[in-house]
Amino acid sequence: MTLSLILRRPSWLLAPALLLTLAACNSGGKSTSARPDLLRANLDTTVHPGNDFYTYANGAWFKKHPIPASESNWGIGKEVQNEVYARLRKLNEDAARSQAAPGSVQQKIGDFWATGMDSAAINRQGLAPLQAELNRLQALQTTADVQAAIARLRPLGVSTVVGAYVGQDAKNSDKMTLQLWQTGLGLPNRDYYFNKDTRTTNIRKEYGRHLATMFGLMGQDAAAAQANARRVLQLETQLAGASRKLEALRDPYANYHKMAVAGLDQLTPGLSWKPWLTQMELAKVDTVIVGQPEFYREAGRLLRSAPIEDWRAYLQWQLVHAYASTLSKPFDDENFRFYGTVLQGAKEQRPRWKRVLDAEEEAMGEVLGQQFVKEYFPPATKKRYEDLTENVVVAFREHIQRLDWMSDSTKQKALAKLNKIRRKVGYPDKWKDYSTLEIKRDSYAQNMMRANQWAYRHNLSKLGKPVDREEWEMTPQTYNAYYNPSNNEIVLPAAIFAIPGLPDAEADDATIYGYAGASTIGHELTHGFDDEGSQFDERGNLRNWWSKQDRRQFQQRVNRIVRQFNGYTVLDSLHINGKATAGENIADLGGIVIALDAFKKTEQYKKGEKLGGLTPVQRYFLGYALGWQTHQRDERLAQAILTDVHSPAQFRVNGPLADVPEFYEAFGVKPTHKLYLSDSARVKIW
């Protein structure tokens with residue numbers, strides 16, 4: 001995890017056909033088709049918007065689109081993803097049949113697909129692709145051996161106790177620095193090892209069963225498998241005890257500890273980091289930023305004191321866990337049983353071809369991205385969304401100027417930061433070079449190994465070089481967006497603007513300003529000024545640019561939104577963690593009020609004519625709710641409460657809208673309605 005990416009939604013791929021239907025921001029309220037209005041068709045009018053706007057806006061869609069057995073959630077992103085899958089599949093099948101030149105893009109796509117889809121060969125190979133690595137781990141005898149094994153596994157993408165990566169120095173954004181972050185758990189985060197509620201207790205029991213089953217599949221007898229499962233669970237529980245909670249990971253100052261490499265030796269007495277880093281291909285490193293020193297202190301203690309057989313079991317487990325989905329059917333099925341069904345509630349595996357496409361996206365997503373944007377995101381479409389982004393920025397600038405709680409001196413600094421936010425829209429100007437990535441037709445697992453090694457070395461190659469501010473951390477076909485505080489930039493992939501079933505000519509401004517302007521553009525801009533992003537200056541450095549009084553005023557408002565979301569019960573007795581989700585909740589509210597003011601400058605708003613029986617402002621709020629059109633199984637929802645810094649979709653709609661006066665006016669919300677908040681209780685930040 002890094003602080004550089006503040007994400008908006010889970011990543012879903014974009015159907016290239018949908019890129020042709022991206023909504024123009026200047027289409028106003030005109031409609032050129034007799035098809036039913038999309039927003040109107042989604043309404044559940046049995047629900048009053050003042051009681052549950054999320055269900056009112058999306059309820060009819062939910063009834064028509066139940067969650068498939070293979071999924072833990074379903075929504076607008078998955079609808080988009082489904083269409084792109086079909087097109088990606090054809091691209092891959094064509095590449096696999098071609099006699100492409102070695103090293104070409106076509107050869108890499110085709111060979112990756114061929115190995116991933118050859119389930120017969122995968123089943124014949126069984127554990128063979130990992131056997132050499134497993135044998136090395138079985139031979140471990142000393143702490144030095146364990147350290148060497150950890151160094152060898154890190155480039156393979158295997159999670160162990162060293163979460164090393166190269167990223168921007170939070171206090172010097174022009175410099176790339178080695179960073180160490182807490183890692184190494186098989187369960188989603190530390191709380192799963194300690195929470196005593198029935199749901200989490202049962203998950204821990206199932207995890208122990210899962211570990212034993214996986215060791216059995218590795219060829220161990222029942223007694224050995226059970227013993228190794230206990231070893232792994234005990235070791236991970238100790239690591240979890242030294243890991244920080246979700247909300248604690250959001251404090252950029254508290255997670256910044258810069259030191260010389262020699263300082264690592266003092267942090268972990270008895271361990272020498274210089275040769276260890278050399279084994280990790282980091283010989284030239286002299287400085288490191290440690291996110292959570294207490295985690296590495298405990299990891300060092302365990303490396304010195306835990307029995308070698310514990311480390312053998314732990315590292316073997318982590319290796320097989322990392323590659324289980326690429327191995328033979330028993331490994332793949334058991335991996336799905338625990339991580340797909342127990343943790344997230346999915347009833348059956350997704351088709352292999354979809355899972356292979358997901359793996360390919362992870363391995364070389366920009367290769368696919370280049371193929372798509374040439375045909376499906378032309379310069380004219382890119383400009384439409386650059387213009388929409390500019391309109392939202394202008395509205396944000398006006399909001400800052402009108403703030404009644406911020407002094408003029410701090411306002412000027414806030415405006416300077418806003419004016420310097422770089423806007424990346426659609427796709428990169430410069431693509432990643434995958435020429436050194438080797439893909440063969442020998443083994444699916446080994447192709448993923450080579451892709452992980454390529455990604456590791458690509459990351460390490462940044463050390464000591466100027467920061468590449470042209471690089472994207474998402475592919476254009478990703479249904480997501482982010483703000484990067486160290487670059488002071490918003491990144492808006494082409495996919496995030498697509499609306500399934502709504503062609504460009506039929507998308508009115510109200511829908512688009514709510515869907516793209518509020519929930520994406522305004523949201524990401526506000527991340528530069530949420531409780532985390534606001535601690536970075538216009539150059540992307542972690543530095544205080546606020547007066548003490550203004551910071552106090554801001555924090556008082558943050559505290560109010562934390563209390564508001566702490567009060568929402570999601571499932572059984574589970575509540576939203578208002579502190580962990582504060583940044584996203586601030587950005588949701590900011591995006592709504594800022595883009596609404598941008599929308600008020602459009603002709604559609606000024607004319608005030610109804611479309612589909614809805615006023616322009618009603619359509620704006622429904623467009624926003626459309627962006628969170630997703631429902632999920634209880635198991636996934638429970639996991640999200642413990643692991644996600646985003647509130648569940650329902651509360652990303654109902655929560656911030658309850659703070660917006662125009663929402664009350666648009667839908668006649670009265671004190672008798674469930675979403676009603678008195679004027680004094682409503683949160684106003686930006």
Side-chain angles (χ1 to χ4, degrees), residues 7-15 18 21-23 35-49 51-68 71-85 478-481 493 495-503 506-508 510-523 570 584-585 587-588 591-592 595 612 614 618-634 636-637 640 644 646-658 663 666-667 675:
L7 306 182
R8 173 180 172 254
R9 302 179 184 170
S11 298
W12 307 121
L13 299 175
L14 173 67
L18 291 177
T21 71
L22 285 171
R35 80 174 70 211
D37 179 67
L38 180 143
L39 298 180
R40 187 82 190 178
N42 289 339
L43 297 183
D44 182 350
T45 56
T46 66
V47 178
H48 192 282
N51 288 328
D52 180 358
F53 188 73
Y54 177 73
T55 302
Y56 168 77
N58 297 309
W61 190 93
F62 293 148
K63 292 172 185 176
K64 295 174 185 176
H65 298 82
I67 302 172
E71 305 294 335
S72 60
N73 70 307
W74 197 255
I76 190 169
K78 291 296 186 81
E79 292 282 304
V80 170
Q81 183 187 38
N82 250 5
E83 294 192 25
V84 76
Y85 275 147
T478 301
Y479 191 73
N480 208 332
I496 199 62
F497 301 119
I499 303 177
L502 187 61
E506 298 175 32
D508 61 311
T511 301
I512 292 312
Y513 272 81
Y515 180 79
S519 69
T520 301
I521 300 167
H523 175 99
V570 179
E584 298 299 330
N585 299 331
D588 286 337
I592 291 168
L614 300 163
Q618 287 175 333
R619 295 183 68 81
Y620 171 84
F621 289 122
L622 290 168
Y624 175 78
L626 178 66
W628 306 112
Q629 187 185 75
T630 184
H631 51 155
Q632 54 191 318
R633 300 190 191 280
D634 287 352
R636 181 183 174 94
L637 188 56
D644 199 344
H646 303 78
S647 298
Q650 179 178 356
F651 297 94
R652 299 193 73 171
V653 175
N654 290 345
L657 289 186
F663 168 68
F667 292 97
L675 297 186

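Source: prediction; values computed, not measured. Side chains included, hydrogens not; waters and symmetry mates left out as well; all remaining heavy atoms used.
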Find out whether [X] and [Y] are in side-chain contact, i.e. whether some heavy atom of one side chain is under 4.5 Å from a heavy atom of the other.
| X | Y | result |
| --- | --- | --- |
| Leu43 | Leu622 | yes |
| Asn480 | Pro493 | no |
| Leu657 | Phe667 | no |
| Ile67 | Arg633 | yes |

[X]: what forms a side chain to side chain donor-acceptor pair (under 3.5 Å) with it, not counting sequence neighbours?
| X | value |
| --- | --- |
| Thr55 | Asp52 |
| Gln650 | none |
| Thr45 | none |
| Lys63 | Asp44 |

Determine whether a donor-acceptor pair (N or O, by modelled atom type, separation under 3.5 Å) exists between the side chain of [X] and the backbone of [Y].
| X | Y | answer |
| --- | --- | --- |
| Arg652 | Ala625 | no |
| Asn654 | Phe53 | yes |
| Asn58 | Trp61 | no |

Please give me the minimum heavy-atom distance between [X] and [Y], naming the atom from each residue.
| X | Y | value |
| --- | --- | --- |
| Ile499 | Thr511 | CD1-CG2, 4.2 Å |
| Ala666 | Gln618 | O-NE2, 2.9 Å |
| Ala41 | Ala60 | O-CB, 3.4 Å |
| Ile76 | Pro500 | CG1-CD, 3.6 Å |
| Asn73 | Lys78 | OD1-NZ, 3.4 Å |
| Phe497 | Ala516 | CD2-CB, 3.8 Å |

If we ignore angles and hydrogens, is there a donor and acceptor under 3.5 Å between the side chains of His523 and Glu584? yes
Checking side-chain polar atoms at under 3.5 Å, does Ser519 have a donor or acceptor matched by the opposite partner on Asp588? no
Tyr515-Tyr624 aromatic ring centre distance below 6.0 Å: no
May I have the step-by-step check of side chain to side chain contact (heavy atoms under 4.5 Å, CB included) for Leu614 and Tyr620, ending in yes or no? CA-CA 10 Å; Leu614 300 163; Tyr620 171 84; over 6 Å; no
Residue that, paired with Trp74, satisfies side-chain hydrogen bond (donor to acceptor under 3.5 Å, both in side chains) out of His65, Gln629, Glu79: Glu79
Run the side chain to side chain contact (heavy atoms under 4.5 Å, CB included) test on Leu637 and Val570 for me, step by step, so that the C-alpha distance in whole Å, both residues' side-chain angles and the decisive distance to 0.1 Å come before the verdict. CA-CA 8 Å; Leu637 188 56; Val570 179; 3.5 Å; yes
Test ring-ring contact (aromatic ring centres under 6.0 Å, His included) applied to Tyr54 - qualifying residues, sequence neighbours left out: Phe62
Taking ring-ring contact (aromatic ring centres under 6.0 Å, His included) as the test, write out the residues that go with Phe621, two or more places apart. Phe663
Working for side chain to side chain contact (heavy atoms under 4.5 Å, CB included), residues Leu502 and Glu506: CA-CA 6 Å; Leu502 187 61; Glu506 298 175 32; 4.3 Å; yes
Pair His646, Trp628 - check side chain to side chain contact (heavy atoms under 4.5 Å, CB included), show working. CA-CA 12 Å; His646 303 78; Trp628 306 112; 5.9 Å; no
To the closest 0.5 Å, what do you measure between CD1 (Ile521) and CD1 (Ile496)? 10.0 Å
